[in-house]
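One-based numbering along the sequence shown.
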Amino acid sequence: MKTEKKTNVKANVMTAFFAAIIYLGIQSFRIPMPAAVGTPFVHFGHIFVVLAILLLGTVRSMVAGVLGLLIFDVLNGYLHAIPNVFVSTVILCLLTGTVAWALRKKAAGDRKKDYRAAIVCAVVYGVVNVVIDFVWSTAELVIAGSGLGAALAAEITAIPATIINAVFTVIGIAILYIPVRQAYKAIMR
């Protein structure tokens, strides 16, 4: 019973830690990108969301991701982005978490396969994030009164930041997954 409580406390602390590091990954490193609509920027937050998915699992990564990303939005004047961020984070964590679970089961403890699975999960997360962001933002513009053609044209200028974030996410996971996984395992013992 005591070990179970200790493990639960550690898991809760790690969830809070990932929420904080996701927030800091955006707050501390932002490169603004030019766009016809919105204020897109490149950041490291998604790298830490994917690490959370891979280490904490689907539900805890959803909590950490939503908290970290929404705290950033609230504190930095992006209140209008909250519905998109909430929905997309839940979808991304569910989908990528499911892929991670299936690939980890298939890897059966093989470290090379586990590493490749982490990279695949980062790619899945990045591609799905680009699609969700493009569709959501285009729909917002159409609902706001833009014609579909104008909305698509405007979103095409904003989507490079999301694509660059996706590439950063894959590179970040390729570099950070193994050392962070080892540190996480040592802490959770």
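Of the inter-residue distances, the one linking Asp114 atom CG with Ile119 atom CD1 reads 10.5 Å to the nearest 0.5 angstrom. Within the model, atoms CD1 of Ile26 and CG of Asp73 stand 7.0 Å from one another, a figure rounded to the nearest 0.5 Å.
The cluster map of Ile, Leu, Val, Met, Phe, Trp and Tyr, joined by side-chain heavy atoms under 4.5 Å apart, puts Leu95 and Val59 in different clusters. Criterion: ILVMFWY side-chain heavy atoms under 4.5 Å apart, direct or through other members. Under it, Leu92 and Ile159 are not part of a common hydrophobic cluster. Placement of Val123 and Phe134 in two distinct hydrophobic clusters is found when ILVMFWY residues are connected by side-chain heavy-atom separations under 4.5 Å, directly or transitively. Under the 4.5 Å side-chain heavy-atom criterion for grouping Ile, Leu, Val, Met, Phe, Trp and Tyr, Phe29 is connected to Ile47 within one hydrophobic cluster. A single hydrophobic cluster is not seen to contain both Leu94 and Val130; linkage of ILVMFWY side chains at heavy-atom distances under 4.5 Å, directly or through other members, places them apart.
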Evaluate side-chain contact (heavy atoms from CB on, under 4.5 Å) for Trp101 paired with Thr58, printing each intermediate quantity in order. CA-CA 9 Å; Trp101 176 82; Thr58 303; over 6 Å; no
For a side-chain contact (heavy atoms from CB on, under 4.5 Å) check, start with the C-alpha distance between Leu152 and Leu141, then their side-chain angles and the critical distance, and finish with the verdict. CA-CA 9 Å; Leu152 288 170; Leu141 290 173; over 6 Å; no
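Put simply, the side chain of Leu54 reaches to within 4.5 Å of the side chain of Arg104, judged on heavy atoms. The shortest distance between side-chain heavy atoms of Val74 and Ile82 falls below 4.5 Å. In this structure the side chain of Ser88 never reaches within 4.5 angstrom of the side chain of Asp133, judged on heavy atoms.
Between Phe72 and Tyr78, the ring planes are parallel. Angles under 30° get that label, and only those over 60° would be called perpendicular.
Proximity of the aromatic rings of Phe168 and His46 is defined here by a centroid distance below 6.0 angstrom, and this criterion is not met.
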